[in-house]
Amino acid sequence: RSTKFINLNGWRIIDGVSEVTLSNFILAPGQYAALSAQAESFQLPGNVLDVPNLPSLTNSGESISLVNTQNLTIDSVHYNLAWYQDENKQQGGWSLERRDLQNFCLEDVNWTASVSTLGGTPGSQNSVFTTEADTVGPRLTNAIIMSSTEVKLQFDEKLSVSPPAASDFIVSPVMEIVAISLGTNNREIIIQLSDAIEEGVVYEIKVLNTSDCSGNTTAETAQAIFGIQTTASFHDVIVSEIMADPSPSAGLPETEYIELYNRTNKWIDLSGWKITDATDTVVIPAASILPNSYVTVISTSATLAMDTIGNPMRVPNFISLSNTGETITICNQHNERIDSLQYSTAWLDNSKRDGGWSMERIDLDDFCSEEINNWKASVSTSGGTPGTTNSINGVISDAAAPVLVSLTIQDSQSLLAIFNEKIANELQPSFFESTPPINLTEALSSTDRVVITLHEALARSTTYAFSISGLK
């Protein structure tokens, strides 16, 4: 691409596992040369150089570098199957061709499958040759945690060989950047932080000045988030909306969904969580939920129209929600119950029971009131508010502690306590005392009921007095 005659003698082609040194060949200005270990098999007009022991190229992709005799990398590329942009051609028999030979920053969009009837154009101008001026700066696409103090920033094209200065980065919550380096493919920046990344905290990083290898600078501040996702405790995440009967539609796509809300300031890992109804269980794949945010759980087969509504999270084999009502339980990856409820069409107005309207939770911090008092039909004109604040969002006042209604013996080592409202907090054996003393093994709650398992059997002809405290 230059005006110079260049001797390739001593230059090297390097891939991930091997390299080969080129022999004497003068490459003229504007001239092409293809390298092959079977050059004699080519009966084409273009220059094809015989290079014994040329590294074997992997079908799926790898890095290739061209290095001169001064050990300077003249060009490098990391190709992969996605560059074909054609599933049929990526099966084999077609070369990858560079579109614009003057553009060194873009890779994936500047390469595509050959359109030559031969499958490629070795030693001659590419069949997809074009000239497209690169006038757009790099875009920050992702931030990946590499270690407790190291973050990798990924961009959509190759960057300038000079990374930004530390003053060009802003991390919130504030953390000092002590070192900056470019990644091996020049599309990544590695930053070293002064302090360890805290679990559950959402960090935002902004890059003020980033240039690609053509000298284009980002037109606006590039930013991304990163963090170490944490696990959830009881009621950290709750079911906030249910669309069990979406037909006939009041405005939303006819899709069943369950909306989850993260009530905390933590970034919570949802991977491996289970949603269970009366007959089925669905496991959430790799996913997370940001602090004070919603996600709308839908089936992978749900209409694509849902992708523009309510932060959707598609899961395979999504449960089929009963139109009339059933119990839904949410458990985390440790099989700990996070939330549960038993919904019913009684929560809906008579005029909305034929379908098309979701059930919305009124008070996202109230877990004790009778569910029928804390759930109502959506009043949104579209029939629901997936992924956003509920249309009937409000506060239900409950200043009274739960009252024990009854305590009955189920068997010699089991008691059943029934309260006047749902129990919201996790139960501990230390909440219970008895006279005469008797040790408790565990206490399991289900809505307004608590099953108390005793360590030893109750003695016959003995009167016991139990007291319960600490429940909410």
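Keep in mind that the numbers below use all heavy atoms, side chains included, and drop hydrogens, waters and symmetry copies. Heads up: numbering here begins at 1 and tracks the sequence.
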- request: Working to the nearest 0.5 Å, report the span between OG of Ser65 and CG of Asp15.
  value: 9.0 Å
query: If you measure from NZ on Lys152 to CD1 on Ile145, what distance do you get to the nearest 0.5 Å?
result: 12.5 Å
message: Using only atom types and a distance under 3.5 Å, with no angle test, would you say the side chain of Asn439 pairs donor to acceptor with the backbone of His455?
response: no
- prompt: Under the criterion salt bridge (Lys or Arg N to Asp or Glu O under 4.0 Å), which of Arg361, Arg263, Lys274 is the partner of Asp339?
  reply: Arg361
- request: State, with a plain yes or no, whether a side-chain heavy atom of Ile197 is found less than 4.5 Å away from one of Thr149.
  value: no
task: Compute whether any side-chain donor of one residue and acceptor of the other, for Asn265 and Asn292, lie under 3.5 angstrom apart.
output: yes
- request: From the options Pro386, Ser358, Pro253, select the one residue that forms a side chain to side chain contact (heavy atoms under 4.5 Å, CB included) with Met243.
  value: Ser358
- prompt: Measuring from Asn88:CG to Asp86:CG, what's the distance to the nearest 0.5 Å?
  reply: 5.5 Å
- request: Could you tell me which non-hydrogen atom of Lys376 sits nearest to which non-hydrogen atom of Ile392, and how far apart they are?
  value: CB-CD1, 3.3 Å
task: Would you kindly say whether Ser240 and Glu259 are connected by a side-chain donor-acceptor distance under 3.5 Å?
output: yes
query: Is the backbone of Trp94 close enough, under 3.5 Å, to the side chain of Tyr84 for a donor and an acceptor to pair up by distance?
result: yes
field: Main-chain N/O of Ser378 paired with Lys352 side-chain donor or acceptor, under 3.5 Å
entry: yes
query: Ile268 versus Trp273: any side-chain heavy-atom pair under 4.5 Å?
result: yes
query: More than 12 non-hydrogen atoms from neighbouring residues, nucleotides or ligands closer than 6.0 Å to CG on Asp280, yes or no?
result: yes
query: Between the side chain of Asn374 and the main-chain N/O of Asp366, is any donor-acceptor distance below 3.5 Å?
result: yes
query: Taking Tyr203 for the side chain and Glu198 for the main chain, is one N or O donor matched with an acceptor at less than 3.5 Å?
result: yes
query: What's the shortest heavy-atom distance between Glu199 and Thr230, and which atoms?
result: OE2-OG1, 2.6 Å
- request: Taking the side chain as every heavy atom from C-beta outward, state whether Ile452 and Ser414 have any atom pair closer than 4.5 Å.
  value: no
message: For a 4.5 angstrom cut-off between non-hydrogen side-chain atoms, does Trp375 reach Val239?
response: yes
- prompt: Will you find, in the side chains of Asp100 and Asn110, an N or O donor that is under 3.5 Å from an N or O acceptor?
  reply: no
field: Side-chain donor-acceptor contact under 3.5 Å, Ser288 with Trp267
entry: yes
- prompt: Short question: side chain of Asn311, backbone of Tyr294 - any donor-acceptor pair under 3.5 Å?
  reply: yes
task: Check the pair Phe234, Arg337 against side chain to side chain contact (heavy atoms under 4.5 Å, CB included), reporting the backbone distance first and the verdict last.
output: CA-CA 7 Å; Phe234 192 51; Arg337 182 167 62 92; 3.6 Å; yes
Heavy-atom closest contact (Gly384 atom, Tyr257 atom, distance): CA-OH, 3.8 Å
query: side chain to side chain contact (heavy atoms under 4.5 Å, CB included) between Phe419 and Ile468: does it pass, once the steps are laid out?
result: CA-CA 11 Å; Phe419 294 83; Ile468 303 175; 4.0 Å; yes
message: Is it the case that the side chains of Glu97 and Thr121 hold a donor-acceptor pair, with the cut-off being a distance below 3.5 Å and no angle test?
response: yes
- request: Hey, could you give me the CG/CZ distance between Asp212 and Phe155, rounded to the nearest 0.5 Å?
  value: 11.0 Å
message: Using modelled atom types and a 3.5 Å cut-off, is there a donor and acceptor pairing between side-chain atoms of Glu62 and backbone atoms of Thr58?
response: yes
field: Atom CD of Glu456 with >12 non-hydrogen neighbours under 6.0 angstrom
entry: yes
- request: Begin from the C-alpha positions of Phe466 and Ile438 and carry the test side chain to side chain contact (heavy atoms under 4.5 Å, CB included) through to its verdict.
  value: CA-CA 10 Å; Phe466 289 91; Ile438 188 168; 4.1 Å; yes
message: For the residue pair Ser211 / Thr217, report whether a side-chain donor-acceptor contact shorter than 3.5 Å exists.
response: yes
- request: Determine whether Asp277 and Thr329 make a side-chain contact, defined as any pair of heavy atoms from C-beta on separated by less than 4.5 Å.
  value: no
- line: Between Phe169 and Pro164 the two heavy atoms that sit nearest each other are CE1-CB, 3.8 Å
message: For a quick check under 3.5 Å, do Asp349 and Ser351 share a side-chain donor-acceptor pair by atom type?
response: no
- request: Would you tell me whether Ser172 and Glu204 have side-chain atoms, one donor and one acceptor, within less than 3.5 Å of each other?
  value: no
message: Under a 3.5 Å cutoff, is there a donor and acceptor pairing between the side chains of Ser114 and Ser116?
response: no
- request: Decide, yes or no, whether a salt bridge links Arg187 with Asp156 under the criterion of side-chain N to carboxylate O below 4.0 Å.
  value: no
query: Is Leu321 close to Ile258 at the side-chain level, that is, under 4.5 Å between some pair of heavy atoms?
result: yes
- line: Here the pair of heavy atoms bringing Ile418 nearest to Arg449 is CD1-NH1, 3.3 Å
- prompt: Side chains of Glu254 and Thr303: is there a donor and an acceptor less than 3.5 Å apart?
  reply: no
- request: Evaluate the criterion side chain to side chain contact (heavy atoms under 4.5 Å, CB included) for residue pair Leu458 and Ile409; output intermediate values, then yes/no.
  value: CA-CA 9 Å; Leu458 295 169; Ile409 298 174; 3.9 Å; yes
- request: Look at the side chain of Tyr343 and the backbone N and O of Ser322, then say whether any donor-acceptor pair between them is shorter than 3.5 Å.
  value: yes
message: How about CD on Gln223, more than 12 heavy atoms from neighbouring residues, nucleotides or ligands closer than 6.0 Å, or not?
response: yes
message: Closer than 3.5 angstrom, by distance alone: can the side chain of Gln85 be matched with the main-chain N or O of Thr112 as a donor-acceptor pair?
response: no
statement: Between the NZ atom in Lys158 and the CG atom in Leu182, the distance rounded to the nearest 0.5 Å is 11.5 Å
- prompt: Distance-only, no hydrogens or angles: does the Ser380 side chain make a donor-acceptor pair with backbone N or O of Ser391 under 3.5 Å?
  reply: no
message: Do Leu260 and Val297 have side chains that approach each other closer than 4.5 Å (heavy atoms only, starting at C-beta)?
response: yes
message: Within the 4.5 Å heavy-atom criterion, are Met306 and Leu252 side-chain neighbours or not?
response: no
message: Regarding Thr385 and Glu241, do their side chains bring together a donor and an acceptor under 3.5 Å, going by distance alone?
response: yes
statement: Note: Ala113 and Leu96 closest approach over all heavy atoms is N-CD2, 4.3 Å
query: How long is the gap from CE on Met359 to CD1 on Ile242, to the nearest 0.5 Å?
result: 6.5 Å
task: Output yes when Asp236 and Lys266 qualify as a salt bridge under the 4.0 Å nitrogen-oxygen rule, no when they do not.
output: yes
